[in-house]
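Everything below concerns the one structure shown next.
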Protein chains: 2
Amino acid sequence: MDTVATSLQGGTSSSAGHIDVTGGDHVAVRCRAVNDILARVGDKWSMQVVMTLADGPVRFNELRRAIDGISQRMLTRTLRALERDGLVSRAVTPSVPPRVDYSLTDLGRSLREPVLALGSWAMANRETIEAARAEFDRRPV
Amino acid sequence: MDTVATSLQGGTSSSAGHIDVTGGDHVAVRCRAVNDILARVGDKWSMQVVMTLADGPVRFNELRRAIDGISQRMLTRTLRALERDGLVSRAVTPSVPPRVDYSLTDLGRSLREPVLALGSWAMANRETIEAARAEFDRRPV
DNA sequence: CGGTATCCTTGTGGATACTG
DNA sequence: CAGTATCCACAAGGATACCG
């Protein structure tokens, strides 16, 4: 727990000034790992894709129809990025026409829980946030 | 819980085709609320700022020194965005030189928990993810 | 000290056309 | 069907300079 908090605070704990022999600032490395996931989770389509894959394998164009507004290009890119991180797996059935099914890996499934928690927070507080924004935007210039 | 999952899946539940009289697709509204928070959490500096403010009020330049690599411009922008969403509050002490303290609101503090959970997931799985990436990048062209 | 203003580079995402 | 390739618009973020 503490390691996570520390990792999100930059390199303050290295203020003692000792040399890190491990070949890089491990605090920075941790920090990057966390921010990496936050960035992936925060991009426009990743989590929509993950949630759509929750109930089992889905084909490319099914996915495309299920996720409103996504372009073919972005769906491909998002799936590749998720696949690269080991969150999604791609199964090709070499037929005519070709069939490609995407599904969550165990890792991908395990990500759903913390993301859902964040989603719950967002839903629970969205009215409060909307109000705060309205208030802020209404304030004197 | 189910509402969150639904909100992350686009407008599939409106497939019944009935008219939404509330002045907009509420599913889409929920979806935007969640994605909004994911985007804020996922941007480059927001969570570093929130975590740095965890232990109490911090002044602008203290914040700047604590968060390695952040530019003055981005710190200002990030703080304004967080303030607008009601996550951070800004307290000005009109003295010479001026003093401005930033601190988390109750809402901001409550956000730390789900974000930390996601951070823990990231830390717990970073080796797995790194390995998946290395594997993916090594695959045949 | 705590900002704005300005310019610039890069990355993200959309539209369209083409392909095995 | 499941993609690539190409081009383009815009937003995020960094560098620098100036200001109350």
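What you see below is based on every heavy atom in this structure, not just the backbone, and it leaves out hydrogens, waters and symmetry mates. We name chains A, B, ... by the order of the sequence lines, and we start the count at 1 in each one.
- Applying the 4.0 Å criterion to OP1 and OP2 of D:dA2, one finds that A:Arg80 has every side-chain N and O outside that range.
- The residue among A:Arg64 and A:Asp43 whose nearest nucleotide of DNA chain C lies closer to the 5′ end is A:Asp43.
- Under 4.0 angstrom from either OP1 or OP2 of D:dG14 there lies at least one side-chain N or O belonging to B:Lys44.
- Both B:Glu62 and A:Arg77 lie near DNA chain C, and the one whose nearest nucleotide falls closer to the 5' end is B:Glu62.
- The distance between atom CE of B:Met74 and atom C1' of C:dA5, rounded to the nearest whole Å, is 15 Å.
- B:Ser46 and B:Asp43 form a side-chain donor-acceptor contact under 3.5 Å, judged by distance and modelled atom types alone.
- Atom CD in B:Gln72 sits about 13 Å away from atom P in D:dG14, given to the nearest Å.
- When atom types are taken as modelled, the side chain of B:Thr93 and the backbone of B:Ser95 share no donor-acceptor pair closer than 3.5 angstrom.
- The interatomic distance linking A:Leu63 (CG) with D:dA2 (P) rounds to 10 Å, in whole Å.
- Look at B:Tyr102 and you won't find any side-chain N or O under 4.0 angstrom from OP1 or OP2 of C:dC1.
- Side-chain to base pairing of A:Arg73 with C:dG13: one donor and one acceptor N or O lie within less than 3.5 Å of each other.
- Following rounding to the nearest Å, A:Arg65 (CZ) and D:dA2 (C1') show an atom-to-atom distance of 12 Å.
- Note that the CG atom of A:Leu118 and the OG atom of A:Ser120 stand 9.0 Å from one another [nearest 0.5 Å].
- If you check D:dG14, C:dG2, C:dG20 against the side chain of B:Ser71, the one that comes closest is D:dG14.
- Put simply, CG on B:Leu75 is 14 Å from C1' on C:dT4, counting in whole angstrom units.
- For A:Trp45 and C:dG13, the CH2 to C1' distance is 9 Å, given to the nearest whole Å.
- Atoms CZ (A:Arg99) and C1' (D:dA2) sit 13 Å apart, rounded to a whole Å.
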Derivation and outcome, side chain to side chain donor-acceptor pair (under 3.5 Å), residues B:Thr105 and B:Ser89: CA-CA 6 Å; B:Thr105 60; B:Ser89 71; over 6 Å; no
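- Spacing between atom CD of B:Gln48 and atom C1' of D:dG13 amounts to 14 Å, rounded to whole angstrom units.
- Contact between the side-chain N/O atoms of B:Arg59 and the OP1/OP2 oxygens of C:dG2 is found at a separation under 4.0 Å.
- Relative to the side chain of A:Phe60, the nucleotides D:dA2, D:dG13, C:dG3 differ in distance, and D:dA2 lies closest.
- For B:Glu113, the CD atom sits in a loose shell: 12 or fewer heavy atoms of surrounding residues, nucleotides or ligands are nearer than 6.0 Å.
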